[in-house]
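One structure below.
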Amino acid sequence: MEEAEKEQHQKRMQKQKEKVDSHIASATIERGVAILLTGNGKGKTSSAFGMVLRAMGYGHKIGIVQFIKGAQQCGEADYIWQHANNVELQQMGTGFTWNTQDKTADIEAAERTWLHAERMLQDESLNLVVLDELTYMLGYKYLDRHKVIEAISQRPHEQSVVVTGRGGGRELRTVMDTISEVKDIQHAFRNGIKARIGVDY
Ligand code: ATP
Ligand code: MG
């Protein structure tokens with residue numbers, strides 16, 4: 001590499017470092033964050049469980065509530081049942097609403113499952129709470145959205161919460177610090193490829 005090129009690179013990186021350092025210095029607030037992982041693409045639940053693993057690395061206490069899931073197999077849940085300490089996992093266990101086809105039973109199951117979420121969102125000993133597929137409970141109006149939004153916004157100061165699922169509504173977004181949308185560009189399923197064990201579930 002030419003000397004001039006090296007010098008130019010070093011200058012550019014120094015400028016970049018100054019920019020990054022100044023951004024880091026201006027973020028001074030210490031508290032738990034609310035994260036919404038939404039969008040039509042694949043990767044929302046698996047990202048939430050990525051954060052579970054990350055938090056487990058620090059010995060954090062975690063609460064997970066899976067709405068919908070439980071009827072189908074889910075590798076992360078199986079692993080947690082068998083091996084994880086400091087993780088409480090609750091599942092609604094009814095499967096998708098187009099399978100149950102029973103609105104009254106679905107609402108009852110959603111309410112019953114929500115009680116676990118509400119308790120976790122009041123538990124100061126939990127560092128992280130994951131509410132997987134919660135958005136569908138709001139979309140179908142199985143849960144009162146005001147109740148959900150209030151519980152999330154009133155949670156302990158140090159607690160982080162991750163909500164996953166498509167949609168969720170504008171109001172839910174108002175209590176979120178971080179919102180990421182996973183965009184569906186291509187999905188194997190549309191080319192006839194079956195959901196893959198260990199990858200899709
Ligand atoms: P994952 O659990 O893999 O992170 P996800 O939580 O983003 O996915 P969900 O909408 O909860 O997605 O659906 C879970 C299942 O549906 C997974 O098996 C996933 O591969 C599949 N899936 C997700 N997005 C799509 C899509 N756009 N088309 C078809 N199947 C999808
Ligand atoms: Mg999901």
Side-chain angles (χ1 to χ4, degrees), residues 33-57 62-84 87-101 103 106-107 109-114 116-118 120-121 126 128-143 145 148-149 151-152 160-173 175-201:
V33 288
I35 300 172
L36 175 64
L37 302 173
T38 189
N40 296 334
K42 170 184 161 49
K44 301 174 291 292
T45 297
S46 42
S47 167
F49 276 95
M51 278 178 269
V52 167
L53 183 61
R54 185 172 278 181
M56 282 171 65
I62 301 151
I64 305 168
V65 181
Q66 292 196 292
F67 294 87
I68 299 174
K69 293 264 171 61
Q72 309 99 321
Q73 216 187 337
C74 173
E76 301 97 319
D78 288 354
Y79 184 86
I80 283 166
W81 289 127
Q82 290 165 35
H83 304 288
V87 184
E88 180 188 347
L89 172 64
Q90 299 288 345
Q91 294 179 318
M92 192 160 96
T94 51
F96 285 101
T97 187
W98 52 88
N99 286 326
T100 63
Q101 298 173 15
K103 192 170 177 184
D106 278 349
I107 291 173
E111 290 284 1
R112 197 177 344 107
T113 311
W114 170 251
H116 292 294
E118 208 166 45
M120 289 175 184
L121 290 167
L126 293 178
L128 179 68
V129 173
V130 174
L131 305 174
D132 188 34
E133 323 294 353
L134 173 69
T135 57
Y136 302 101
M137 302 299 107
L138 303 177
Y140 291 127
K141 297 194 163 60
Y142 288 177
L143 293 176
R145 67 181 193 286
V148 169
I149 287 165
I152 290 173
S160 292
V161 58
V162 183
V163 174
T164 82
R166 299 172 194 206
R170 214 172 338 122
E171 273 176 285
L172 182 67
R173 295 183 174 212
V175 291
M176 294 292 156
D177 300 296
T178 298
I179 303 172
S180 293
E181 184 178 14
V182 183
K183 190 174 168 189
D184 178 19
I185 292 174
Q186 182 164 305
H187 197 287
F189 185 67
R190 286 201 292 282
N191 283 328
I193 302 170
K194 281 176 84 165
R196 193 81 179 148
I197 189 167
V199 174
D200 288 300
Y201 61 92

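Start at 1 and go down the list; that is how both ligands and their atoms are numbered.
- The nearest non-hydrogen atom to atom 26 (C) of ligand 1, considering only R196, H187, K194, comes from H187.
- Contact between T164 and A48 at its shortest, heavy atoms only, is CG2-CB, 3.7 Å.
- On a distance-only criterion, F189 and ligand 1 share no N/O pair closer than 3.5 Å.
- Of all heavy-atom pairs between A77 and Q66, the closest is CB-OE1, 3.9 Å.
- For R190, the side chain to side chain donor-acceptor pair (under 3.5 Å) partners at least two apart in sequence or on another chain are D184.
- Closest approach of A117 to F67, counting heavy atoms only: CB-CZ, 4.4 Å.
- One side chain, T45 or E133, offers a donor N or O that lies under 3.5 Å from an acceptor on the other.
- Under the 3.5 Å distance criterion, the side-chain polar atoms of T38 are matched with a main-chain donor or acceptor of G167.
- The E133 neighbourhood of ligand 1 comprises atoms 11 (O), with distances under 4.0 Å to a heavy atom of that residue.
- Formation of a donor-acceptor pair under 3.5 Å by the T178 side chain with backbone atoms of I35 is not found in this model.
- Listed by atom number, the atoms of ligand 1 under 4.0 Å from D200 heavy atoms are 17 (C), 18 (O), 19 (C), 20 (O).
- Near K42, the atoms of ligand 1 lying under 4.0 angstrom from a non-hydrogen atom of the residue are 1 (P), 3 (O), 7 (O), 8 (O), 20 (O), 23 (C), 24 (N).
- Scanning both residues, V163 and I152, for their nearest heavy atoms gives CG2-CD1, 4.1 Å.
- Both the backbone and the side chain of K44 come within 4.0 Å of ligand 1, counting heavy atoms alone.
- Qualifying ring pair (Phe, Tyr, Trp, His ring centres under 6.0 Å) partners for F189, counting only residues two or more places apart in sequence or in other chains: none.
- For the Mg ion (ligand 2), the N/O/S atoms of D132 include none lying under 2.8 Å.
- When heavy-atom distances to ligand 1 are checked against a 4.0 Å cut-off, A195 has no atom that comes that close, whether in backbone or side chain.
- Where the criterion is an N or O separation shorter than 3.5 Å, residue side chain and backbone included, S47 fails it with respect to ligand 1.
- Annotation for ligand 1: atoms under 4.0 Å from non-hydrogen atoms of D184 are 27 (N).
- Centred on the Mg ion (ligand 2), the angle running from E133 (OE2) to T45 (OG1) is recorded as 90°, rounding to 10°.
- Near G43, meaning under 4.0 Å from any of its heavy atoms, are these atoms of ligand 1: 1 (P), 4 (O), 5 (P), 7 (O), 8 (O).
- Within the 4.0 Å heavy-atom criterion, the part of N40 lying near ligand 1 is the backbone and not the side chain.
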